Amino acid sequence: MSRVFNFSAGPAAIPDAVLERVRGDIPDWNGTGMSVMEISHRSKDFLGVAAKAEQDVRDLLAIPDNYSVLFAQGGATLQFAMVPLNLAAEGDTVDYVLTGTWSKKAIAEAEIHCNVNIAADASPGNFTDIPLEDSWRRSDEAAYLHYTPNETIAGVEFQFVPDVGDTPLVADMSSCILSRPIDVSQFGVIYAGAQKNIGPAGLTLVIVRNDLLSRARASIPNLLRYSVYAESDSMSNTPPVFAWYVAGLVFEYLKEQGGLAVMAEINERKSAKLYAAIDKSDFYNNPVSKDCRSWMNVTFVLKDPSLDAKFLTESMAAGLTNLKGHRSVGGMRASIYNAVPEAAVDALIEFMHDFEQANG
Ligand code: PMP
């Protein structure tokens, strides 16, 4: 395989070992004479894949037994609606923490369905920091508090889990799930689109504490109801079988690597060396407060933006792809999810150094 170093924010890199396995499994998977895309989701073979994927992700995240693991579709964006529809009645107040583009979108959707209180707002600092927790203004009766542990676009990540007492805590972990161990028992709902740290787009992982399954509004479509997924093992209709199978291979791969404690060590090291390279240079800059810099999405700008296009062309020629920052913020973004090897980060640092020497 000829592979570049891929810094895409999502859909993002998938481990080489997983891709090799997928290639080998097509077109004759498990001795069936068919690929996994061509068999019934209710066949014994596929049910085995589904159950193993669930068990492996339960093992990786140490998910307690009183939580359901759902394999849904519609991306994290559909969860922006499913969360309020399943956890809050019309007119209920819900708390949201605004730390960037993705929490803003989650808020806009929730406002359609209930009464949103912005408990904390990082927009005055242009989304480069996270308001101190003791400054948050939470409502007394919130049905839940929603936050975005990692803001993929600005590269801002919570290095703590909010303490909200008995209020169910809901987290959009799309761009940080599986990057480090977490204590699932601190959360009511965790959701994540698959296309960053889990596998192909089209699958959405949702982890729900079981006592929250029965709060859904009566009038919502069945397929938007968490309990329908929980009661049918996410097979009330045809699930995204291929994405589920690849996610299962990624979970297996992560277990083989030693699990999330090992991934966390690697992820912390990868991001620390990249931030160190940015900070020691006057040519590059990262504006995010040091206490909330993302391990997964490292953003930086060139002091002279007229060099952006040259940086992108030359980095691409050097085998480093997808470094362009999100169109809403410009600059550069290196997304360094689990599947991006440390060698990719080393190569990027070397390229940045050489580019600065030639153009600084
Ligand atoms: N939340 C976060 C933190 C994201 O990074 C993204 C996608 N980049 C989304 C939500 C939206 O996800 P999807 O496209 O799967 O709906």
Side-chain angles (χ1 to χ4, degrees), residues 6-14 70-85 96-112 116 120 122-123 127-128 130 144-159 161-162 169-180 182 187 189-207 223-224 229 234 239-240 242-244 246-247 250 267 271 288 292-299 322-329 332-340:
N6 179 7
F7 298 94
S8 172
I14 289 179
L70 318 179
F71 292 84
Q73 300 186 54
T77 303
L78 189 58
Q79 295 308 310
F80 294 167
M82 282 176 72
V83 165
L85 292 174
Y96 274 72
V97 179
L98 172 56
T99 52
T101 308
W102 292 111
S103 41
K104 198 169 183 174
K105 291 198 182 223
I107 289 165
E109 180 70 36
E111 280 172 338
I112 300 171
V116 174
S123 60
F127 298 130
T128 55
I130 289 168
Y144 60 85
L145 180 136
H146 178 285
Y147 80 118
T148 310
N150 187 63
E151 286 281 1
T152 321
I153 291 178
V156 172
E157 184 166 16
F158 282 70
Q159 301 298 342
V161 174
L169 182 60
V170 178
D172 172 4
M173 293 202 186
S174 293
S175 50
C176 58
I177 194 148
L178 302 174
S179 63
R180 63 175 86 189
I182 52 171
F187 298 88
V189 175
I190 293 168
Y191 63 87
Q195 65 272 20
K196 299 158 196 306
N197 253 344
I198 296 176
L203 175 73
T204 313
L205 188 71
V206 186
I207 302 167
L223 211 49
L224 299 188
Y229 289 81
S234 303
F242 182 72
W244 194 334
V246 179
V250 171
N267 288 327
S271 60
V288 179
C292 55
R293 284 174 162 183
S294 171
W295 288 9
M296 295 283 99
N297 310 99
V298 178
T299 56
N322 290 317
L323 285 165
K324 194 173 194 306
H326 191 268
R327 61 189 181 281
S328 62
V329 291
M332 307 297 154
R333 170 174 55 175
S335 295
I336 49 175
Y337 301 119
N338 286 337
V340 177

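Quantities reported herein were computed from a predicted structural model and do not represent experimental measurements. Ligands are counted one by one from 1 in listed order, and the atoms in each one are counted from 1 as well.
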Close side-chain approach of [X] and [Y], heavy atoms under 4.5 Å:
X    : Y    : value
P240 : F71  : no
E151 : S103 : yes
N267 : I336 : no

(request) Look at ligand 1 and say whether K105 reaches it with a heavy atom at a distance under 4.0 Å. (result)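 No, K105 has no heavy atom closer than 4.0 Å to ligand 1.
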
(message) Closer than 3.5 angstrom, by distance alone: can the side chain of S8 be matched with the main-chain N or O of G10 as a donor-acceptor pair?
(response)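 Yes, because the side chain of S8 sits within donor-acceptor range (under 3.5 Å) of the backbone of G10.
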
(request) Would you check if the side chain of N297 reaches a backbone N or O of A9 as a donor-acceptor pair within less than 3.5 Å? (result)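 No.
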
(request) Have a look at ligand 1 and work out which part of F80, if any, has a heavy atom under 4.0 Å from it: side chain, backbone, both or neither. (result)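 F80 to ligand 1: side-chain contact only, backbone stays beyond 4.0 Å.
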
Against heavy atoms of [X], which atoms of ligand 1 measure under 4.0 Å?
X    : value
S174 : 1 (N), 2 (C), 3 (C), 4 (C), 10 (C)
T152 : 2 (C), 3 (C), 4 (C), 5 (O)
Q195 : 13 (P), 14 (O), 15 (O)
G75  : 15 (O), 16 (O)
A76  : 9 (C), 10 (C), 11 (C), 12 (O), 13 (P), 15 (O), 16 (O)

(request) Give me the one residue out of I190, I207, V161 that meets side chain to side chain contact (heavy atoms under 4.5 Å, CB included) with I182. (result)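 When I190, I207, V161 are each tested with I182, the side chain to side chain contact (heavy atoms under 4.5 Å, CB included) holds only for I190.
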
(message) With rounding to the nearest 0.5 angstrom, report the NE2 to CG distance, H146 to L98.
(response)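 H146 NE2 to L98 CG: 11.5 Å, rounded to 0.5 Å.
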
(request) Quick one: look up the protein heavy atom nearest atom 16 (O) of ligand 1 and list residue, atom name and how far away it is. (result)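 So the nearest neighbour among protein heavy atoms is T77 OG1, 2.5 Å.
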
(message) Counting non-hydrogen protein atoms only, what is the nearest one to atom 11 (C) of ligand 1? Give residue, atom name and distance.
(response)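 I find the closest protein heavy atom is W102 CZ3, 3.5 Å.
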
N or O contact, [X] vs ligand 1, cut-off under 3.5 Å:
X    : answer
N150 : no
K196 : yes
D172 : yes

(message) Below 30° counts as parallel, above 60° as perpendicular, anything between as tilted: where do the rings of W102 and F80 land?
(response)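 W102 vs F80 ring planes: tilted.
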
